[in-house]
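To keep things clear, I will list the structure first and then write my remarks on it.
As the structure is a computational prediction, the values presented were derived from the model and not from experiment. Order of listing sets the numbers, starting from 1, for every ligand and every atom in it.
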Amino acid sequence: MSSLPVTERSNPLTANIDISLPEDIVSLLQHCDREIFHGWDNQTEGQKDLDQLKGLLDGRTIRLVEKIAGEVANLLRKPSDNLIVLSGCGTSGRLAFLTARTFNKWLRELDMPECFRYVIAGGDKALFTSQEAPEDDPVLGAKKLQEVCAGKKKVLYIGITCGLSASFVAGQLDFCMDNLDTYIPVLMGFNPVDLAKNLPIENWSKTILEVCKRLENLQKTKNCCIINPIIGPEPITGSSRMKGGTATKILLDVMFAQGFSLFKEKQLRNTEQFLETYLTVNEAIGHCRQYIGAVINLAGQCLRKHGHIYYIGADSLGILAMIDASECPPTFGTSLDGVRGFLIGGFDELRNQEGNISVLGRHFSIAVDDFQSTILPNLQNSDIVIFINHGSAMNTSLLPLLATVQNGPAESAVIHIMNSEQSGQEKMKEVPKTTNKITVQLPWIQIQELFGPEHLDLSFKLFAEIATKWVCNAVTTGAHIMQGKVYQNYMVDLRVSNNKLFHRAVRIVETFSGCNKEDAQEYLLKSIYGTDVLTGQQTTANVSQHILQATSQEKVVPTALVCAILKCSLLEAQKHLAEEPVIRSAITSCLEKKNVE
Ligand code: F6P
């Protein structure tokens, strides 16, 4: 079996995504997303190297979802004594936050105390900006978990790490396994356990694989489990914000909504049907590919002109757009200004643990009011403002802003997420005809059948959220592809800001230059330390020291890659990249040059 985790492999479906048209990018992403449900056809050079290929619709996953739903129902019977904690890093932590927020709202509707909590590596700062160094710290993870759970009798802990690769989560799982009287540990990720990260962790005695194996053994006799359907490689290699994030959100939503129904109605809905409804939403995205493609095209042109993408939205749909924006700097190596999201009501609406953290800087100002005061007056024709709207009629509080944007120099678009009964033309009249409009129709009848009349609004939201995630992910991925940030289906200009990303960077240099792993690492270190001759100290430093040096630097991986392909000095590589700032073209021309020689 290849030792490369599935979540780090390149997906053959998207091998040419970098040269695809916007509309085709949407189709490719949508097809790739189908693997979340049906599993992945692991055909490598005519051979399958893994047995476990089933996605979310697999019987084992469904049974586990129902088992966890049973635990949720039990804990909800004493919500003041118990806690359901969701924890993760980056996107996994942001989705943990959003899910906790959603289901606390369900509890409030039932007049019950809130008992969902989230933990995100790096704290609430990480909800909007990448804070990747804490992801490597298992001790910090365990400490943060204990802080949240102090005084609770029973805790269902769900640690999310798509790649089974986050030390922060491993530290928490290990702590839970030492305290099974209080904790019910669940690990959620999308690799087979044998492919969990097996590298030494600085200042810790175990590897993540060892922690996963411990849990795997323990689940035979104790109340704990691993839920790890194999959903196939990401469309942009390693970018677990996409399929990994989607699968995370769907699994959490289904297990908690099922937990609520078991608690209230004493019975489960049909879990398979529940999951299949998400698949219908995926098909609805495919039906809109032409319109999503048009918005990608506009957004891509803006980025090519060094402009910006701004999302404006309300409630959880606005939050999902903000999450999408926050992932762009680490994923595409862009600045914090490139893509930003704003929410009606700002922090009051967000309901995050640390409250209003806008004092931390302008990138933490998230209210639509902030957009109006600081960004609106400076909009250019290289910017696009994308409004996310729930329902057919435009949110009335956004109508004046929409009108102002449309009368200004920037491009605009409106994404309507609505049920299929709301899509009549006359109901759309509030949105001016000139607007670029995406209308995603959710399977209303199917959702009604699934949920019945009660809490229909809340449950409808779950599907609207996933539709928003799919559209926003497609827009930013497509726009950055148009900007030339992606080579084949690899994001080459990633920031080397944690252990996982360091090793991914080495692999990228190795893959495209054809050199061996040791040489690839040496080229990367030369680029990180800005030297053609490494000192002994630099070569032998810990990965965490390399990361510290690399995190704030630009174009670390492209520089290393050009050096490795052309066997040239750093200065020559930097000159090449300065002459050809579009990463995709820089690499292509390098490889052509090499082939000629
Ligand atoms: O640190 C980089 C990153 O890839 C984030 O962008 C991502 O959301 C996070 O790691 C989480 O990864 P995982 O869920 O595999 O732990």
(request) Please report the C-alpha distance between K206 and D174 in whole Å, then the side-chain angles of each, then the deciding distance to 0.1 Å, and finally whether the salt bridge (charged side-chain N to carboxylate O under 4.0 Å, His left out) criterion is met. (result) CA-CA 9 Å; K206 297 172 187 171; D174 205 48; 2.6 Å; yes
Please work out, at 4.0 Å between heavy atoms, whether the side chain, the backbone, both, or neither of [X] comes within that distance of ligand 1.
{"X": "E135", "result": "side chain"}
{"X": "P330", "result": "neither"}
{"X": "T91", "result": "both"}

(request) Please test E327 against R241 for salt bridge (charged side-chain N to carboxylate O under 4.0 Å, His left out), starting from the C-alpha separation and ending with a verdict. (result) CA-CA 7 Å; E327 291 154 349; R241 80 187 192 113; 2.9 Å; yes
(message) Quick check against the 3.5 Å criterion: does Q549 have a side-chain atom that pairs as donor or acceptor with the backbone of Q545?
(response) no
(message) More than 12 heavy atoms of other residues, nucleotides or ligands under 6.0 Å from NZ of K67: yes or no?
(response) yes
(request) Would you check, one step at a time, whether the test salt bridge (charged side-chain N to carboxylate O under 4.0 Å, His left out) holds for K144 with E147? (result) CA-CA 5 Å; K144 291 291 168 198; E147 280 170 17; 3.6 Å; yes
(message) What protein heavy atom lies closest to atom 13 (P) of ligand 1? Include the residue and the distance to one decimal.
(response) C162 N, 3.4 Å
(message) Among all protein heavy atoms in this structure, tell me which lies nearest to atom 10 (O) of ligand 1, with the distance rounded to 0.1 Å.
(response) K500 NZ, 2.8 Å
(request) Please state whether G88 comes within less than 4.0 angstrom of ligand 1, counting heavy atoms only. (result) no
Would you check the N or O atoms of [X], main chain and side chain alike, for any that come under 3.5 Å of an N or O of ligand 1?
{"X": "I160", "answer": "no"}
{"X": "A166", "answer": "no"}
{"X": "T161", "answer": "yes"}

(request) Go through ligand 1 atom by atom and flag the ones less than 4.0 Å from a non-hydrogen atom of G90. (result) 8 (O)
